[in-house]
Amino acid sequence: MQNGISRLGAERQGATTATGGGRIVPRNLPPAEKAAVIVRLLLAEGSSLPLSALPEHMQAALTEQIGRMRLVDRVTLGAVVEEFVNELEQVGLSFPGGIEGAISMMDGHISTTAANRLRRLAGVAARSDPWDRIVQMPPERLLPVLAEESVEVGAVILSRLPAARSADLLARVPPDRARSLALAMSLTGNVAPDTVARIGQALLTQLDNQPDRAFEAGPVERVGAILNVSAAATRDEVLRGLADSDQAFAEQVRRAIFTFVHIPARLSPRDVPKVLRQVDQAVLVTALAAAMPDAEGAAAVDFLLANMSQRMAQTLREEMAERGKVKQKDGEEAMNAVIAGIRTLETSGELALIAPDDEG
């Protein structure tokens, strides 16, 4: 694009020279024709233009305008280029244009609730491609749609998503539903683009009109986060009670829990040094000493010691021996502090925990 603009500058100079002192008066083109001239010139020069980022109605209007035009003399071309380059040179700051672009720019800086409310109030969905947003939604928002809508609609969704995301969603639905969706996908070959657009629009309206949630995290994540820092006896008792009431929910919570004994399965060996820098050494020694009497805890200790320098590991072993027996409360607090340090690194993006599904 930058090369194209440079060539526009050269084209402006060439056209000005060709006028021979301005003897020929350039035609006064309307803005739509000026835009078509600039696009046509840049494309002729081999520039790559991100026109797909424009709203579809603007893409269509531009294409129709180019189709209606025929010849433009060099003097008029030079005047259009001159005006365009002058405007570019005067730009100090640009904004995305439209509420959807503004929401995208503010992504991560405003809450999901606020973004969805703005979209509903502005009716953005009606003016943009709904699939651009649907394909970016997390699996948790799309799974209910796959479960509740017809298999034909589900097949269209899976067909529009990247293959890896579709495979992930299929793995999360019941096997009989997955088979039905896969079969329905074989019948989507002749679906018209307008039909796909209408389905996307209806789905996006449905998803945007869902009531705002009081909590960003789901119940599984919230319960799991609480049990992560609970005493072991409390955690085991709660899990047993959940299993008696709702086995499926209890299993989901169990998978969401990440405690000291899960470190070997969830933490990459290369991330151990980062954790050591995050946790105070006295707290780390207390956590390691408290975990040693338990077989699973000892495995976590061995994992950590094996993935640090031998000198550091030896120092920690000596301090653990000097620390002696640790009170249960102190040990659990220290182990929770190690887990909190790992979670802090995960939140900041410095490490990524291995998902339970990836174990082994």
Side-chain angles (χ1 to χ4, degrees), residues 32 35-36 39 49-68 96-107 110-213:
V39 170
L49 301 179
L51 299 177
S52 59
L54 296 173
E56 288 192 359
H57 71 278
M58 293 183 66
Q59 297 180 49
L62 177 61
T63 304
E64 291 171 357
Q65 181 62 57
I66 291 175
R68 287 193 294 267
I99 190 64
E100 179 63 21
I103 294 172
S104 298
M105 186 182 71
M106 296 294 288
D107 184 34
I110 61 176
S111 68
T112 303
T113 300
N116 289 339
R117 183 178 296 111
L118 287 169
R119 287 191 176 100
R120 289 196 298 269
L121 292 175
V124 170
R127 299 192 298 274
S128 59
D129 185 357
W131 292 104
D132 289 342
R133 287 184 52 212
I134 293 175
V135 299
Q136 300 298 326
M137 290 182 176
E140 291 72 19
R141 294 196 67 186
L142 297 178
L143 278 172
V145 177
L146 290 180
E148 298 167 6
E149 294 290 339
S150 67
V151 292
E152 292 80 9
V153 170
V156 171
I157 295 173
L158 294 176
S159 299
R160 284 301 306 256
L161 294 176
R165 295 200 60 206
S166 295
D168 177 54
L169 287 170
L170 275 180
R172 299 188 185 206
V173 300
D176 57 339
R177 182 69 173 181
R179 287 192 294 269
S180 299
L181 289 168
L183 179 60
M185 289 180 67
S186 67
L187 306 176
T188 59
N190 296 323
V191 177
D194 288 347
T195 301
V196 174
R198 287 196 298 271
I199 291 174
Q201 184 61 63
L203 287 174
L204 190 57
T205 301
Q206 173 185 332
L207 292 167
D208 279 345
N209 286 336
Q210 290 179 353
D212 296 333
R213 299 190 305 175

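Looking only at side-chain heavy atoms (C-beta outward), Thr188 and Glu152 stay at 4.5 Å or farther from each other. Residues Leu142 and Leu161 have side chains in contact (heavy-atom distance under 4.5 Å, counting atoms from C-beta outward). Between Leu169 and Arg165 the shortest side-chain heavy-atom distance does not fall below 4.5 Å. When side chains are defined from C-beta on, Val196 counts as touching Arg160, because their heavy atoms get closer than 4.5 Å.
A salt bridge is defined here as a Lys NZ or Arg NE, NH1 or NH2 lying under 4.0 Å from an Asp or Glu carboxylate O, and Asp168 with Arg172 meets this definition.
Between Arg68 and Gln65, the side chains place a donor N or O and an acceptor N or O closer than 3.5 Å (distance only, hydrogens not considered).
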From CA spacing to verdict: side chain to side chain contact (heavy atoms under 4.5 Å, CB included), Leu51, Val39: CA-CA 9 Å; Leu51 299 177; Val39 170; 4.2 Å; yes
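Note that CD of Gln201 is 11.0 Å distant from CH2 of Trp131, once rounded to the nearest 0.5 Å. Put simply, CD on Gln59 and OG1 on Thr63 are 7.0 Å apart, with the number rounded to the nearest 0.5 Å. For the atom pair CG (Leu203) and CD1 (Ile157), the distance works out to 4.5 Å, reported to the nearest 0.5 Å. Atoms CD1 and CG, from Ile199 and Asp194 in turn, are 11.0 Å apart once rounded to the nearest 0.5 Å. Atom CG of Leu146 sits about 8.5 Å away from atom OG of Ser166, to the nearest 0.5 Å.
Shortest non-hydrogen contact noted between Ala155 and Ser159 is O-OG, 2.7 Å. Of all the heavy atoms in Val151 and Ser180, the pair that sits closest is CG1-CB, 3.8 Å. Residue Leu170 comes nearest to Val173 through the heavy atom pair O-CG2, 3.2 Å, listed as atom of the first residue, atom of the second, then distance.
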